[in-house]
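Worksheet: one structure, shown below.
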Amino acid sequence: MAWQHFCDHSDTYKLVRSRNNQGYDVVMNVVSVAKRYRQAQQSIMEDTHDVDANCDGPDLDFVYADVDSYQNEIAELYSYTEFSEFQMNVKAFEDQMELYDLPPNWQKQDAASQRSIVMKLIDQLEVSNRAFRMQAARCILYLAQGCWAEVQSDEEQHQNTRENVIVLYQLGVFSSFIDLLNMEIESACSPDIVAVKITNVTLVDSTDIRVILSVLYIITETIRNEREKASEDYKDMAEAFVQEINSPLPDGELLAVKLLGMITRFCSGAAPQFPMKKVVLLLWKVSLLGLGGMDVLKNLKNEYRIKVGLEPITEDTLEVTKCMRASSPPATATDILENQYPKKNFKRSLMKQRFLDEPEQIDMELTGNEGNPNSNGGGATGNNGSGNNGEDELSQYYRPFDDPSSSTTATASTTSTANPNNQPNLTQPPAPVAPVQITARLPWTPKVRQKDIDQFLDISRNKFIGYSLIGDHESLAGLPQPIHEGFNTLQRHMYTSLADMQIKKEEDIARNPISTHEDEIKLTPAEVLYQAILPNLPQYMIALLKVLLAASPTSKSKTESINIMADVLPKKMPLTATQSTKLTVDMGRHKEIIVKAVSAIILLYLKHFKINHVYQFEFMSQHLVFANCIPLVLKFFNQTITEYVNTKNSIPLLDFPSCVIGEQPDLSGDSFVYGGEMSDKPYSWRNVFSCINLLRILNKLIKWKHSRVMMLVVFKSAPILKKTLKVRHAMMQLYVLKLLKMQTKYLGRQWRKSNMKTMSAIYSKVRHRLNDDWAFGNDLESRPWDFQAEECTLRACVDRFNLRRYPEATQKCGAGGGGNNGTAAQNAENAQQSNMNVTGNGNNGGVGETNGYGGNGGGGGVNGGANAHNQQLHDYGVEGGFPSDEILTHSDFAFFGHSGWWDRKVELTDYFKANYAIWLEEEVYNSQTDWDAL
């Protein structure tokens, strides 16, 4: 063992004795410490995580994808309380067949007869009698469900669904059900209905609209699944369907916008009976199919990069994370000893590491017990020849955080194959492999921005020569050779993002609006969606976050909050223990599905908008931040996240189609089996998916935004995020470590000193920015007075972009405003401070933690999100999407100017008209303008 060799090494022993005549006590202390290290070694071998992580068990074999399996996605559409309605669908189908004088068996009908029946049902959907109309809708739902009463297996039911969806879509059922949905929305939001406040909404109140949404969802999900599998018989139909959902409906709205409007009405209380789970699921699948998933995003990004003259992306985050080891850095014996014996006579001090990929350096100063008169301080080892030898032996003990994707050594490859879950081998000691071989390769290629290179050159010029060249990105005259080598290294790793090119183009247009040619706006699916949601985007973001908050497991129910359980609560409450258990599982499942869908929607929109144009992404991001999305996500993770990931609120016997096919078991009494026990996976797919989505959203909102990073610090997010590292999944850990890396420089030296294992994990897993001083907090950009100016400038650029490209939609965007006093910088500062100082008050849009995130308090939510948004607009001086008149100066025209502004009618005062000649003389003729400066 390394420590035994260390203690038995004669040179080290002689060295310690020679340093002090009274060093015998020190040597005995070293031997005593070594014995305790040997006692702790067994527990080290059993735990490869942080001491406070306490992560046992194998890595999660979760594979991140756009969606779960088709069977699970269809099963999640239905609540367990909807079981009785399946029989209503069969009854409606049998009655309809009897009306047509046909046998009640769909599969016995030939193709022509089937199409004839569907045409008759579509005609029946247009009758005025509601009961007759909904009977036809239930018949079509039964067909879309695969005629499950006529089959004996899930495979037959799936095949029937697949065949029936082709017939239904080709004959126009999807368009007919969109019309039915419009009728239900108008009926639910009619003045007569709204005037009567609906209380105690249950499953019965949403019966008809759930039938309509179920048919739309099954058709959408089936076509999406077949398109993903590249089925030949679905190829042409799938393309036509995508074109249809990306085109406006007859009333001029996109289907996605209509569904977002339903969510907004639900959150405002105008339509509390809307079944939110089905609405958000349908919105997610419509958006996913219309915009495209991860593969489409990857191809679009490379296509756009090539178009502007950039190299395509070769590294894919999803592929790289599959090769990462899902664990935190190894716990050292020092940590375990320090936890077991916190008052022992040694202290740790942080030493600057020569390289961050070295094992954790420990400066053990064995000073002796202060209360022991025989101790005179003692000596420190490891500072000269023999100490270095012992240090080399120690390096074998610290198992470096290696990258399994590295194939540089045969030993690493063999270990990875023989031990896929990275479990420690307790029977054989680890092979002595040099750390440089294990950590020879990092998973990511380092990057650097042009801004960082310019900063490097500016600092070097001022240091060695004493001058700076503004705008010069290449001159190295007078600089020493090491600076030349550093500059060449930075140049080789420079990365120019698509967003940088788009921002540069916008700056050129703003600087030279007449001479700069703007490219034609290509109507991509993302562009069409952005133009459609732009007028009401703030309301849509607030509504989505309200639903997400209500479904969060950490939120407490309030009487004034929205009721997302309206489409799961039965009219009669359960009477038996079995029924109560089933309803409890169903409610937990219901919340999890909503979180899964909402998080996927927000992430999908952010990713597509960022590729389409970065300012579209920034506009959506700003309104998410204004609606307190950052504290909301942190509140979600302020729980025992390992329990949430492992919780399985499901009963497989009650999932569709298992609940209706074959002989049904009795679920009463002892035969009731909780769903989690029947699953072969130790985790919930949808919960892991939701956690990763929320972490990715948080990363996108905060990346390169120092003011928002400070929000993470203010909300005490570090301990919350660190707890999330307990989940043994590489991709989830990567996004957590990214968030920790952003704020490390602001957490102080003491935090970094006590979390060196987390720092090592950041180094090993997160991409390197070559001159990013994240580990020591010496960054020049950490000055707090720069934050507000950055946020204000970003807001001005986004508004200028929207006003130039979408003047009519921007005029409709936003509400509230009023007067505004003070400068733009003060407005931005007030707005940011109102975000950072959120307390547990629902009226200001806060998340409601009364004691910060260190405690367990507080429900609340984004209930006052609209008020907070209006206040934010007021603080920025934006009224109806435009700067209010009180702050409109010539500088504002430089920010917001475009043809729409000059077309405004300006009423001149009588005083100005009377003194126009004087004004002309003083302000125009006698004013000297430096056109070069302009």
Problem - From Glu315, His493, Arg767, residue fulfilling side-chain hydrogen bond (donor to acceptor under 3.5 Å, both in side chains) relative to Thr445 - result: Glu315
Handout entry: Under 3.5 Å: donor-acceptor pair, side chain of Tyr80, backbone of Ile651
Key = yes
Exercise for the section: Could you verify whether a donor N or O on one side chain and an acceptor N or O on the other, from Tyr70 and Thr222, lie under 3.5 Å apart? Expected result: yes
Fill in the blank from the handout: Between the NE2 atom in His623 and the SG atom in Cys629, the distance rounded to the nearest 0.5 Å is 13.5 Å
Exercise for the section: Report the distance from atom CZ of Arg589 to atom OG of Ser79, rounding to the nearest 0.5 Å. Expected result: 6.5 Å
Handout entry: Residues, nucleotides or ligands: over 12 heavy atoms within 6.0 Å of Lys301 NZ
Key = no
Exercise for the section: Just jot down the salt bridge (charged side-chain N to carboxylate O under 4.0 Å, His left out) partners of Glu228, sequence neighbours excluded, or say none. Expected result: Arg224
Practice task
Under the side-chain hydrogen bond (donor to acceptor under 3.5 Å, both in side chains) rule, what do Tyr217 and Lys285 come out as? Steps first, then yes or no, please.
Solution key: CA-CA 8 Å; Tyr217 180 85; Lys285 295 305 171 62; 2.8 Å; yes
Practice task
Could you pull out all residues at least two apart from Ser69 that satisfy side-chain hydrogen bond (donor to acceptor under 3.5 Å, both in side chains)?
Solution key: Asn72
Completion exercise
For Leu695 and Tyr735 the tightest heavy-atom approach is CB-CB, 3.9 Å
Problem - Lys596/Glu73 under salt bridge (Lys or Arg N to Asp or Glu O under 4.0 Å): CA gap, chis, key distance, verdict - result: CA-CA 11 Å; Lys596 166 188 171 182; Glu73 293 293 342; 2.9 Å; yes
Handout entry: Close side-chain approach of Leu283 to Ile263, heavy-atom, < 4.5 Å
Key = yes
Completion exercise
Rounded to the nearest 0.5 angstrom, the CD1-CD distance for Ile593 and Glu76 is 4.5 Å
Problem - Heavy-atom check, side chain of Leu291 versus side chain of Val296, under 4.5 Å - result: no
Exercise for the section: Tell me, yes or no, whether the heavy-atom count around Lys298 atom NZ, taken from other residues, nucleotides or ligands under 6.0 Å, exceeds 12. Expected result: no
Problem - Candidate pair Glu592 and Tyr644, rule side chain to side chain contact (heavy atoms under 4.5 Å, CB included), full reasoning - result: CA-CA 10 Å; Glu592 292 173 0; Tyr644 181 76; 4.2 Å; yes
Practice task
Search all heavy atoms of Gln743 against all heavy atoms of Ser717 and return the closest pair with its distance.
Solution key: NE2-OG, 3.0 Å
Practice task
Identify the two heavy atoms, one from Ser552 and one from Val595, that lie closest to each other, and give their separation to 0.1 Å.
Solution key: N-CG2, 4.4 Å
Problem - Side-chain (Asn225) to main-chain (Glu221) donor-acceptor, under 3.5 angstrom - result: no
Practice task
Identify the two heavy atoms, one from Arg708 and one from Leu701, that lie closest to each other, and give their separation to 0.1 Å.
Solution key: NH1-O, 2.9 Å
Handout entry: Inter-residue atom distance Leu654.CG - Lys582.NZ, 0.5 Å rounding
Key = 6.0 Å
Handout entry: Minimum side-chain heavy-atom gap Leu698-Leu634 below 4.5 Å
Key = yes
Handout entry: Check: Met731 and Arg696 side chains under 4.5 Å, non-hydrogen atoms
Key = yes
Practice task
Starting from the C-alpha separation in whole Å, work towards a yes-or-no answer on side chain to side chain contact (heavy atoms under 4.5 Å, CB included) for Leu737 and Thr758.
Solution key: CA-CA 8 Å; Leu737 293 172; Thr758 304; 4.2 Å; yes
Fill in the blank from the handout: Residues Ile641 and Thr724: closest non-hydrogen pair is CG2-CA, 3.7 Å
Exercise for the section: Examine distances only and state if a side-chain atom of Gln639 and a backbone atom of Thr554 form a donor-acceptor pair shorter than 3.5 Å. Expected result: no
Practice task
State whether the side chain of Lys278 and the backbone N or O of Leu77 hold a donor-acceptor pair below 3.5 Å, judged by distance alone.
Solution key: yes
Practice task
Please examine the side chains of Val448 and Tyr495, heavy atoms only from C-beta on, and report whether any two atoms are closer than 4.5 Å.
Solution key: no
Practice task
To the nearest 0.5 angstrom, please state how far the OH atom of Tyr605 sits from the CG atom of Leu544.
Solution key: 8.0 Å
Exercise for the section: Taking all non-hydrogen atoms of both residues into account, name the closest pair between Gln733 and Val727 and its distance. Expected result: NE2-O, 3.1 Å
Exercise for the section: Could you check whether the rings of Phe689 and Trp685 sit parallel, tilted or perpendicular, using 30° and 60° as the cut-offs? Expected result: parallel
Exercise for the section: Measure up the Tyr78 and Phe656 rings against each other and bin them: parallel (under 30°), tilted (30 to 60°), perpendicular (over 60°). Expected result: tilted
Exercise for the section: Go through the steps for Lys738 and Lys765 under the test side chain to side chain contact (heavy atoms under 4.5 Å, CB included), then give the verdict. Expected result: CA-CA 9 Å; Lys738 282 185 175 182; Lys765 287 189 175 182; over 6 Å; no
Exercise for the section: Check whether any side-chain heavy atom of Phe636 sits under 4.5 Å from a side-chain heavy atom of Leu548, and report yes or no. Expected result: no
Exercise for the section: Measure the shortest side-chain to side-chain distance between Lys723 and Thr640 over non-hydrogen atoms and say whether it is less than 4.5 angstrom. Expected result: no
Problem - Asn302 side-chain N/O to Ile313 backbone N/O, donor-acceptor pair under 3.5 Å - result: yes
Handout entry: Test item: Asn628 and Leu545 side chains (from C-beta on) under 4.5 Å apart, heavy atoms
Key = no
Practice task
Examine distances only and state if a side-chain atom of Asn646 and a backbone atom of Thr642 form a donor-acceptor pair shorter than 3.5 Å.
Solution key: yes
Practice task
Find out whether the Lys NZ or Arg CZ of Arg752 is both under 6.0 angstrom from the six-membered ring centre of Trp774 and within 45° of the ring's axis.
Solution key: no
Fill in the blank from the handout: Rounded to the nearest 0.5 angstrom, the OG1-CG distance for Thr647 and Asn687 is 6.5 Å
Practice task
For the pair Trp284 and Val67, evaluate side chain to side chain contact (heavy atoms under 4.5 Å, CB included) and give the outcome as yes or no after the intermediate values.
Solution key: CA-CA 10 Å; Trp284 174 31; Val67 295; 3.7 Å; yes
Problem - Ring centre gap for Tyr64 and His729 strictly below 6.0 Å - result: no
